[in-house]
> 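Mind having a look at this structure? Questions to follow.
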Amino acid sequence: MVAQKKQLNYEDTRQKRLEENKKRMEELKLTILAQSLRTISSPKPSPMKKVNVNRTPRKPLDMSAVRRSNRVADKPPASYKEVPIEPLGIRRSYGKSARDLSNRVYASYEDRVYASGRADELHSTLQSDFPSFVKPMLQSHVSGGFWLGLPVHFCKSYLPKRDEIMTLVDEDEMEWQTKYLHRKTGLSGGWKGFAEDHKLADGDALVFQLIKPTVFKVYIIRVNEAEDSEEA
């Protein structure tokens, strides 16, 4: 009986507290606030997600109609197609414009040394008042590119500080005009004519003596003179 009485007292107390809490919530209007929060938090369907069944399907993009800059309007459109890389070890053919290098004759090491030694002997006998140097010939000097690079220290010390026309005078006092390129320190235009007219060959050794600011005296030591001396 005592236990049942205690249980009834607990239920009465609990019920009384619930009614008091409900009354306080109504006084503070918490019930109305909770209902308004539920209404606000409920998601509304986005108008952007509505599907327009009457929409016209998009046309594919025509790349030929893309506007191009006026700078390249008259040029063909660029192609980005991948080009296969040429495998290593296979020589590329350049057609008829390629040089025929099969007829090149290369001097032997012994003949080069002989011609250079003869040129050094001649160089040592020239007047010291006129600066000079020895230049052994390579294939690039006498065929193909026809470009003659000069010693850099000599160019900086004695030659003009700008591009200039240089005159080459051979041992017969014949003259050839060549163009000296200051920044590249070498002879370009006109050197081909001098090399071909004197039939210069790989291994020849030339002695250049600057007798005037833009005039070279040129002495030629032939590489084939070594063969002639051996036969004699």
Side-chain angles (χ1 to χ4, degrees), residues 92 94-232:
R92 181 180 298 176
Y94 294 92
K96 297 181 180 179
S97 61
R99 302 171 188 163
D100 183 9
L101 306 180
S102 59
N103 58 350
R104 282 185 169 183
V105 178
Y106 292 86
S108 65
Y109 173 77
E110 291 77 9
D111 291 347
R112 289 179 187 277
V113 172
Y114 177 84
S116 296
R118 291 284 305 276
D120 290 336
E121 292 177 4
L122 174 60
H123 179 241
S124 63
T125 63
L126 297 179
Q127 298 180 20
S128 58
D129 296 340
F130 301 101
S132 57
F133 62 89
V134 176
K135 183 67 178 180
M137 294 292 100
L138 303 175
Q139 283 291 357
S140 59
H141 301 148
V142 299
S143 64
F146 288 101
W147 160 262
L148 183 67
L150 305 180
V152 176
H153 64 86
F154 187 94
C155 296
K156 290 183 177 180
S157 301
Y158 304 108
L159 296 188
K161 305 304 180 184
R162 63 182 183 278
D163 294 355
E164 190 66 80
I165 298 299
M166 302 288 294
T167 301
L168 304 182
V169 182
D170 65 9
E171 297 174 73
D172 296 326
E173 301 301 323
M174 299 293 292
E175 297 182 355
W176 280 258
Q177 302 295 317
T178 63
K179 186 173 183 179
Y180 168 68
L181 301 181
H182 164 61
R183 292 189 176 183
K184 295 187 176 181
T185 62
L187 302 180
S188 179
W191 168 251
K192 178 181 179 180
F194 182 89
E196 290 182 339
D197 290 345
H198 290 83
K199 295 180 172 54
L200 298 181
D202 177 61
D204 288 349
L206 275 58
V207 180
F208 288 81
Q209 184 183 30
L210 190 66
I211 57 178
K212 292 182 181 180
T214 59
V215 179
F216 273 121
K217 180 75 173 183
V218 183
Y219 302 90
I220 302 173
I221 306 299
R222 304 287 181 181
V223 69
N224 54 17
E225 290 180 0
E227 299 177 358
D228 297 340
S229 63
E230 290 177 0
E231 293 178 358

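Keep in mind that this is a model prediction, so the values were computed, not measured.
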> Residues in side chain to side chain donor-acceptor pair (under 3.5 Å) with Glu196, at least two apart?
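Expected list: none.
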
> Atom CG in Leu168, atom CG in Asp197: separation rounded to 0.5 Å?
11.0 Å

> Which atom names give the shortest non-hydrogen contact between Pro136 and Ser116, and what distance separates them?
CG-OG, 4.0 Å

> From Thr178 OG1 over to Phe216 CZ, what is the distance, rounded to the nearest 0.5 angstrom?
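Result: 8.5 Å between the selected atoms.
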
> For a 4.5 angstrom cut-off between non-hydrogen side-chain atoms, does Leu159 reach Met166?
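Side-chain contact under 4.5 Å: yes.
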
> Under the salt bridge (Lys or Arg N to Asp or Glu O under 4.0 Å) definition, can you give me all pairs with a residue in residues 144-173, not counting sequence neighbours?
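Output for this query lists Arg162-Glu164, Glu173-Lys217.
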
> I'd like to check the side chain to side chain donor-acceptor pair (under 3.5 Å) partners of Thr214; sequence neighbours left out, ordered by chain and number.
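Per chain and number, Thr214 pairs via side chain to side chain donor-acceptor pair (under 3.5 Å) with no residue.
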
> Check Ala115 against Ile221 and note the closest heavy-atom contact, atom names and distance.
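Taking every non-hydrogen atom into account, O-CG2, 3.7 Å.
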
> Kindly write out the residues that satisfy side chain to side chain donor-acceptor pair (under 3.5 Å) with Ser132, not counting sequence neighbours, or none if the list is empty.
His123

> If you look only at pairs with a residue in residues 114-142, which of them pass as a salt bridge (Lys or Arg N to Asp or Glu O under 4.0 Å), with sequence neighbours excluded?
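Residue pairs with at least one partner in residues 114-142: Arg118-Glu225.
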
> So, taking the atom named CD in Gln177 and the one named OG1 in Thr167, what distance separates them when rounded to the nearest 0.5 Å?
3.5 Å

> Can you sort out the partners of Phe154 under ring pair (Phe, Tyr, Trp, His ring centres under 6.0 Å), two or more places apart, ordered by chain and number?
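Result, ring pair (Phe, Tyr, Trp, His ring centres under 6.0 Å) vs Phe154: Phe133, Tyr158.
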
> Checking side-chain contact (heavy atoms from CB on, under 4.5 Å) against Val142, which of Met137, Lys199, Lys192 comes through?
Met137

> Residues in ring pair (Phe, Tyr, Trp, His ring centres under 6.0 Å) with His198, at least two apart?
Trp176, Phe194

> Run the side chain to side chain donor-acceptor pair (under 3.5 Å) test against Ser108 and tell me which residues pass, sequence neighbours left out.
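Listed in chain order: Asp111.
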
> Between atom CG of Leu200 and atom CG of Leu138, what is the distance when rounded to the nearest 0.5 Å?
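If I round to the nearest 0.5 Å, the distance is 12.0 Å.
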
> Does anything in residues 182-191 pair up under side-chain hydrogen bond (donor to acceptor under 3.5 Å, both in side chains), and if so which pairs, sequence neighbours excluded?
none

> Taking only distance into account, with no hydrogens and no angle test, what donor-acceptor pairs under 3.5 Å do side-chain atoms of residues 204-211 form with protein atoms, sequence neighbours excluded?
{"unit_1": "Asp204", "atom_1": "OD1", "unit_2": "Val223", "atom_2": "N", "d": "2.7"}
{"unit_1": "Asp204", "atom_1": "OD2", "unit_2": "Ala201", "atom_2": "N", "d": "2.9"}

> Side chains of Lys179 and Ile165: closer than 4.5 Å at any heavy-atom pair?
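Sidechains of Ile165 and Lys179: in contact.
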
